There are 2 protein chains.
Amino acid sequence: MTIHKIARLAKVSIATVSRTINGVPTVDPVLARRVWRVIEKQGYYPNRHARSLVSGRSRIFGLMVPEAPNAFFPEIIHTFARLCIQHNYQVLLSAICQDAGLLETAARQMIERRVDGVAILTFREQESLVEIFRDRNVSVFVIDSDRPGPLLRSVCIDYQHGIRQAVQHLAALGHNRIAFVSGPAHLKTAAVQKNAFHACMKEIGLQVAAEILLEGDHTMEAGAEAASSLVSLRHRPTAVVCSNDLMAIGLMHKASELYLDIPGDLSVVGFEDIPFAKYMIPQLTTVQISREEIATVAFETLFAAADPAINGDTQIVSSIATNLVVRGSTSMGPGRVRDGRRSRAGRAHAQANRFI
Amino acid sequence: MTIHKIARLAKVSIATVSRTINGVPTVDPVLARRVWRVIEKQGYYPNRHARSLVSGRSRIFGLMVPEAPNAFFPEIIHTFARLCIQHNYQVLLSAICQDAGLLETAARQMIERRVDGVAILTFREQESLVEIFRDRNVSVFVIDSDRPGPLLRSVCIDYQHGIRQAVQHLAALGHNRIAFVSGPAHLKTAAVQKNAFHACMKEIGLQVAAEILLEGDHTMEAGAEAASSLVSLRHRPTAVVCSNDLMAIGLMHKASELYLDIPGDLSVVGFEDIPFAKYMIPQLTTVQISREEIATVAFETLFAAADPAINGDTQIVSSIATNLVVRGSTSMGPGRVRDGRRSRAGRAHAQANRFI
DNA sequence: CTGTTAGCGCGTTCAA
DNA sequence: TTGAACGCGCTAACAG
């Protein structure tokens, strides 16, 4: 079933069939209708390989995401995929795995398939990956690049806004000794977030003692360690902001083991708002990063870059907002509690209203 | 950068370049080396569209998974993708969304791309989707099909084994009034699981009262409702098996609101072992379904079916095993408790050893 | 063992 | 407005 058969059945040339399919306006409506009828009757689906080969555009985007178990990326994948389908694009997926060889193979496959662009959606920098694509003139989209260009599109996440909300939320609840668990030093964003935290604390006149500035590698284990560290302090903080949800969750687990009541003894704020967050007991208050927005910006940027009709320099949005989602893991600090420590029952009740 | 340029630089014909790339053994090693050197020096990547077009094999598999928020499928995606890369295949991804039109478009795109096979990995039947592919002679892999054939490969999940382990685990702990929350009636697997539960209870001589056989739609809300129902019974069960983890988690939440201690007052067993399961407090005891195994079977089945060198009828494995993972949400029942209800501290301690 | 040649299915010129 | 012819980059015959 090829274009030739359709042409023969519709008694036109293959050129007319091609024009009809591609919506060229100069086709006689009568012929076009005839062609469409045959196409539908025969259930003809044009061969995309042939189209890609001759047109030079594959209408495929590569998508590379880490295989982290934290449920942050699946939603991105699906949003990106949906947008692609809606715009008659297809998604070639690959995980960003530890195995450098496999990763390179994946990149190579995408290039062999002549993708019109690649979205590398991860918080870790992937310099070598980006370079591979740049060498082949493939446009790439990444998160938080500090030096985007014509072939390297990017959008920055406005961490400061979310962190400010978190800090001010806690301060408003009467906390003045607020700890921060940053990400691993090798992540550029870790420094950005830490600085943002400092700035936000300073804004409202709160001190940041060195001992309540911790660092973790974004795993639950790291969160657990942070909990242990905080508990061992002479002068404990009454609230803590974690730079990702997984650490916040690990911290909550460990706190529970250490007979620390959350949020009674310690208010906890996470970052990202992964699906787990609202399945915790108590549900985790966290700074949300919109996965849908990231996927949308990534797609639209690549789409614009791939479309020859569009000026390649169009910048869609300047940054991705972050927003605090208040749930059950934060409550009033020592300065505000009137009726003593809140009871477990009280928390359960308060939480009931936020269920799901 | 095409095969012609390589041929010219290596002073051979394009046929020799093609043979070299494809590892045809009759190529003179001297020439082959020369060709490879040029290929590498030039950074030549063959155009897969052209190869697919002429060879008739795209070396692409379609992968369709639901965009459920339960973290069951992401791991499947990545395992499948990894296997594809390792076997020089590529993955075209699409979500199984509610919008039937979009879904059909996605299927159409895969067919236009002449995929060598499609894995539809979901627990809901997708009759119409399967039909679309069957009409185009595309081999499809699905989970739990009851009538597989040459174009419809499948593997069944051995629910019975896992459910038996769950039931016997609870019975061994001294529970004899065990509830079951099945999936929605429209899922074929729901009936299978329910029957398995009945059989396993009967095996060990336990009664199944109709009132402790509930049904839910696999959401957390359904689990919460199940909790309410069970609590309202005159003669409450002391343990409950849920047909998926999300319901088990919802049930745990609601139980907590109702001042029901888990596992002290009620032991809970889930199904699937989604990543959330071990992040709950207490960690959820659940029947694991190996996502890696499902992805592997799906890939290998499609791979074998696509390879003309392999006999198309090879069946890789007969079924996917399910296995109980014992964690913190189950404990001794009324028949076994010696020192009265277990304390919260006791549980936390017990759980500490299983942390992470 | 190598080179020449004919397509794979389609988009796109160029005449008509 | 339409159709014949060319070529996208590659594989697979076939001839040498």
Side-chain angles (χ1 to χ4, degrees), chain A residues 1-36 38-39 42-60 88 90 108-109 111-116 136 308-309, chain B residues 1-36 38-39 42-60 88 90 108-109 111-116 136 308-309:
Chain A
M1 173 70 57
T2 76
I3 203 173
H4 288 96
K5 186 174 177 189
I6 303 301
R8 188 155 33 81
L9 291 173
K11 296 188 182 44
V12 294
S13 69
I14 60 163
T16 299
V17 177
S18 177
R19 291 192 193 102
T20 304
I21 289 173
N22 292 302
V24 174
T26 62
V27 176
D28 182 340
V30 179
L31 283 192
R33 242 194 307 281
R34 210 162 77 205
V35 169
W36 277 124
V38 174
I39 286 177
Q42 300 290 317
Y44 166 68
Y45 286 7
N47 184 323
R48 274 207 171 285
H49 298 298
R51 304 180 79 169
S52 298
L53 183 59
V54 66
S55 73
R57 277 186 74 184
S58 63
R59 296 202 77 91
I60 296 180
N88 199 21
Q90 297 188 284
R108 188 201 164 92
Q109 288 190 355
I111 293 168
E112 290 191 357
R113 202 60 82 171
R114 304 298 190 258
V115 291
D116 291 340
R136 319 303 286 222
Chain B
M1 174 68 57
T2 76
I3 204 173
H4 287 96
K5 186 173 176 190
I6 303 300
R8 186 155 34 79
L9 292 172
K11 296 187 190 21
V12 295
S13 71
I14 60 166
T16 299
V17 177
S18 177
R19 290 193 194 101
T20 304
I21 290 172
N22 292 302
V24 174
T26 62
V27 176
D28 183 339
V30 179
L31 282 192
R33 244 193 307 281
R34 209 161 77 205
V35 170
W36 277 123
V38 174
I39 286 177
Q42 300 292 316
Y44 165 68
Y45 286 9
N47 185 324
R48 272 205 173 288
H49 298 298
R51 303 179 80 168
S52 298
L53 183 59
V54 65
S55 73
R57 278 186 73 184
S58 63
R59 296 201 78 88
I60 295 180
N88 200 20
Q90 298 188 284
R108 188 201 165 91
Q109 289 190 353
I111 293 167
E112 291 190 357
R113 200 62 80 173
R114 303 298 191 258
V115 290
D116 291 339
R136 318 301 285 220

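Note that the structure is predicted; figures quoted are calculated from it, not measured. Every heavy atom of this structure was used, including side-chain atoms; hydrogens, water molecules and symmetry mates were not. Naming: A, B, ... by sequence-line order, numbering from 1 per chain.
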| Range-with-range stems for DNA chain C, at least three Watson-Crick or G-U pairs under 3.5 Å | C:1-16 with D:1-16
| task | Kindly say whether A:Val30 contributes a backbone atom to a donor-acceptor pair with the side chain of A:Asp28 at under 3.5 angstrom? | result | yes
| message | Under a 3.5 Å distance rule, please check whether A:His49 uses its side chain to pair with a backbone N or O of B:Arg113 as donor and acceptor. | response | yes
| field | salt bridge (Lys or Arg N to Asp or Glu O under 4.0 Å) pairs, two or more places apart, involving residues 43-53 of chain A | value | A:Arg48-B:Glu112
| request: Looking only at non-hydrogen atoms, find the nearest pair between B:Arg108 and A:Tyr45 and report the distance. | output: NH1-CE1, 3.4 Å
| task | Would you confirm whether B:Arg136, through its side chain, and A:Gly43, through its main-chain N or O, come within 3.5 Å as a donor-acceptor pair? | result | yes
| Sub-3.5 Å donor-acceptor pair from the side chain of B:Arg59 to the main-chain atoms of B:Asn88, do we have one? | yes
| message | Just verifying a value: how many Å separate B:Leu53 CG and B:Arg114 CZ, rounded to the nearest 0.5 Å? | response | 10.0 Å
| message | Between B:Gln90 (side chain only) and A:Gln109 (backbone N and O only), is there a donor and an acceptor less than 3.5 Å apart? | response | yes
| request: Compare every heavy atom of A:Thr20 with every heavy atom of A:Trp36, then report the nearest pair and how far apart it is. | output: NE1-CG2, 3.5 Å
Can you list, pair by pair, the side-chain donor-acceptor contacts under 3.5 Å of residues 4-12 of chain B, counting residues two or more places apart and other chains?
none

| remark: What residues 25-35 of chain A contributes to the DNA chain D interface at heavy-atom separation below 4.0 Å is A:Thr26, A:Val27, A:Asp28, A:Leu31
| said: Counting primed atoms plus P, OP1 and OP2 as sugar-phosphate and everything else as base, spell out the protein contacts along nucleotides 8-16 of chain D at 4.0 Å heavy-atom distance: B, S or - for each nucleotide, 5' to 3'. | reply: BBBBBB---
| field | Atom pair CG (A:Asp116) and OG (A:Ser52), whose distance is rounded to the nearest 0.5 Å | value | 8.0 Å
| task | Shoot me the first and last contacting nucleotide of DNA chain C against chain B, ordered 5' to 3', at under 4.0 angstrom to non-hydrogen atoms. | result | C:dC1 to C:dG9
| field | For B:Ile14 against B:Ile3, the heavy-atom pair lying closest together | value | O-CD1, 3.7 Å
| Do the side-chain N or O atoms of A:Thr16 get closer than 4.0 angstrom to the phosphate oxygens (OP1, OP2) of D:dG3? | yes
